[in-house]
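The chains referred to below are lettered A, B, ... by the order of the sequence lines, with proteins before strands, and numbering in each begins at 1.
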Amino acid sequence: MAEFQAPVGTRDVLPPESTRWERLTALFATRVGRAGYGLVVSPVFEDMGVFERVGESTDVVRKEMYDFEDKGGRHLALRPEGTASVVRAWVQHRPTLPFKAWYAAPSFRYERPQAGRYRQHHQLGVEALGTEDPDLDVEVIALAWGLYGDVGLAQVRLLLNSLGDAKCRPAYLDALRAFLLEHREELCDEHKARIEENPLRVLDCKRASCVRVTETAPRMVDHLCEECAVHFERVKAGLEELGISFEIAPRLVRGLDYYNRTTFEFQAPALESAQNGIGGGGRYDGLTEQLGGPPTPGIGFGIGIERVLLACDAEGVFPAAPAAVDVFVVDVTGSAALKVVHHLREAGVRADQAFGGRSMKAQFKLADRSGAQLAVVVGPDELERGIATVQSLQSNDKEEVKLEAVVDHVRRKLGEK
RNA sequence: GUGGCCGUAGCUCAGUUUGGUUAGAGCGCCAGGUUGUGGCCCUGGAGGUCGGGGGUUCAAGUCCCCUCGGUCACCCCA
């Protein structure tokens, strides 16, 4: 056991596993870049108030905040999710609308780790501010859906709900509250107390007692006002037009309080662990005001990298690919490899060599392991004649090439394949 | 925050029940077999505070206590 280990709930991602992270992030960047989203890099910690403001009655803020005081006495918190930070950045700088942003960043929650749940996890996400158009909801959902397709996941479920807006939600909350109060004694202890404060949270409870009650509770989708109902219908129609299948989930409220209208969650049925949510998000039309900005609609999602990769493992797709080079230079004279490798790399060829004066046998072993197709061999004979032997590591075909022509020759050989 | 299971070589694990010489295997790594050749094979080698601390005992990887870590679950979430 090493003396120092990664802190509880964190882990190191090393090659070859890390190659999946590289590719996943690149696929996402390409996909959202194509849709006009620009990268936002925001601080990994914020004033604690930023998060308190957007989720005071949520578990994420109440009991999972990874907060601390800095040397200047500021109360800071590592961000538990991406939206609050990006929205705070928009309010601070006010770039012109519409503002379409993406990020790839760590998030932190102080909880006990388990399968698919870490204190530091990583999310890919987008935030789009400036329009209420339901087509934007569809665009955003389609971006996440597309990424799951990119990695080859075949079994993703999309759960969809509408939480209404400031016009229709109060009446619904009253109805829900009244219903829950009637059944108060049947709820779990934690939610008996939360009925008044935030009855929606009860819908999110997974305890059997609460689930039994909420199965027959009033549903927001039955209480939407005209505008919200139309919005929801147009989102559904748009998804259908794009061939994205979804299920209506009337009790899907998500873990953060700022959502209204469209909320959605992606689940991976292939995951057997308790954490099968691989992404989620929704609309947050009032959030900019809560952070001191002008009223501005917005929508976004976060995708958990660790969970997506676990889902890929469960489906047997998107395997790690060890780093490989094209050419390995085997040099027993110790006087040619440095230069040959350098020139190959400058010419755009992936090339490597052995260090430490190893035997030819050992160098070939490394060449084999490097994944190279070609070996460039320089021994005493070659050195004396000013040549190198270029050998295929698959067929063992050999050709003698003048040292100064090695780069061109190798590029030609690689181009043939 | 609460609970179950688990910590022995770089990795996967045996050995713990019934305490007893220098703690093992497979894989990986290194070297040699092959004085210019990898993948297969053979031989050899390196590598271990048995998670840490305390206790019981003539003797502890093995029994007891504490502690740290891992893992899974509850709640909740990515």
Restricting both atoms to N or O, compile the protein contacts to nucleotides 45-50 of chain B shorter than 3.5 Å, with distance only.
none

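Residue pairs meeting the salt bridge (charged side-chain N to carboxylate O under 4.0 Å, His left out) criterion with at least one member in residues 331-348 of chain A, sequence neighbours excluded, are R345(A)-D352(A).
Nucleotides C68(B) and G32(B) are separated by 44 Å at their C1' atoms, to the nearest Å.
Across all strands shown, G116(A) has heavy atoms under 4.0 Å from base atoms, whether or not it also approaches the sugar-phosphate. Across all strands, D381(A) comes closer than 4.0 Å to base atoms (heavy-atom distances).
Using a 4.0 Å cutoff on non-hydrogen atoms, the parts of residues 357-369 of chain A near RNA chain B are R358(A), M360(A), K361(A), A362(A), F364(A), K365(A), D368(A), R369(A), ordered by number. Near-neighbour residues of RNA chain B inside residues 301-325 of chain A, defined by a heavy atom below 4.0 Å, number-ordered: G304(A), R307(A). Of all the residues in residues 259-275 of chain A, S273(A), A274(A), Q275(A) reach under 4.0 Å from RNA chain B with at least one non-hydrogen atom.
Within a 6.0 Å radius of CD in E272(A), other residues, nucleotides and ligands contribute 12 heavy atoms or fewer. Open room surrounds CD on E384(A); 12 or fewer heavy atoms of other groups in view lie less than 6.0 Å from it. Residue R23(A) places its CZ atom among more than 12 non-hydrogen atoms of other residues, nucleotides or ligands, all under 6.0 Å distant.
In the set U2(B), C76(B), G69(B), G69(B) carries the atom at the smallest distance from any side-chain atom of V8(A). Among the nucleotides C75(B), A78(B), U2(B), the one closest to any side-chain atom of R112(A) is U2(B). Closest to the side chain of A115(A), out of A78(B), A73(B), G36(B), is A73(B).
Salt bridge absent: E69(A) and R74(A) never bring a charged side-chain N and a carboxylate O closer than 4.0 Å. Look at R207(A) and E190(A) and you find a salt bridge, because one of the NZ, NE, NH1 or NH2 atoms lies within 4.0 Å of a carboxylate O, short of that distance.
Applying the side chain to side chain donor-acceptor pair (under 3.5 Å) rule to H183(A) yields the partners E186(A); only residues at least two apart in sequence or on another chain are considered.
In summary, the aromatic rings of Y110(A) and F108(A) are positioned with their centroids too far apart to meet the 6.0 Å limit.
With RNA chain B read from its 5' end, the first of the two nearest nucleotides for G279(A) and P7(A) is the one closest to P7(A).
No donor-acceptor contact under 3.5 Å links the side chain of Q391(A) to the base of G36(B).
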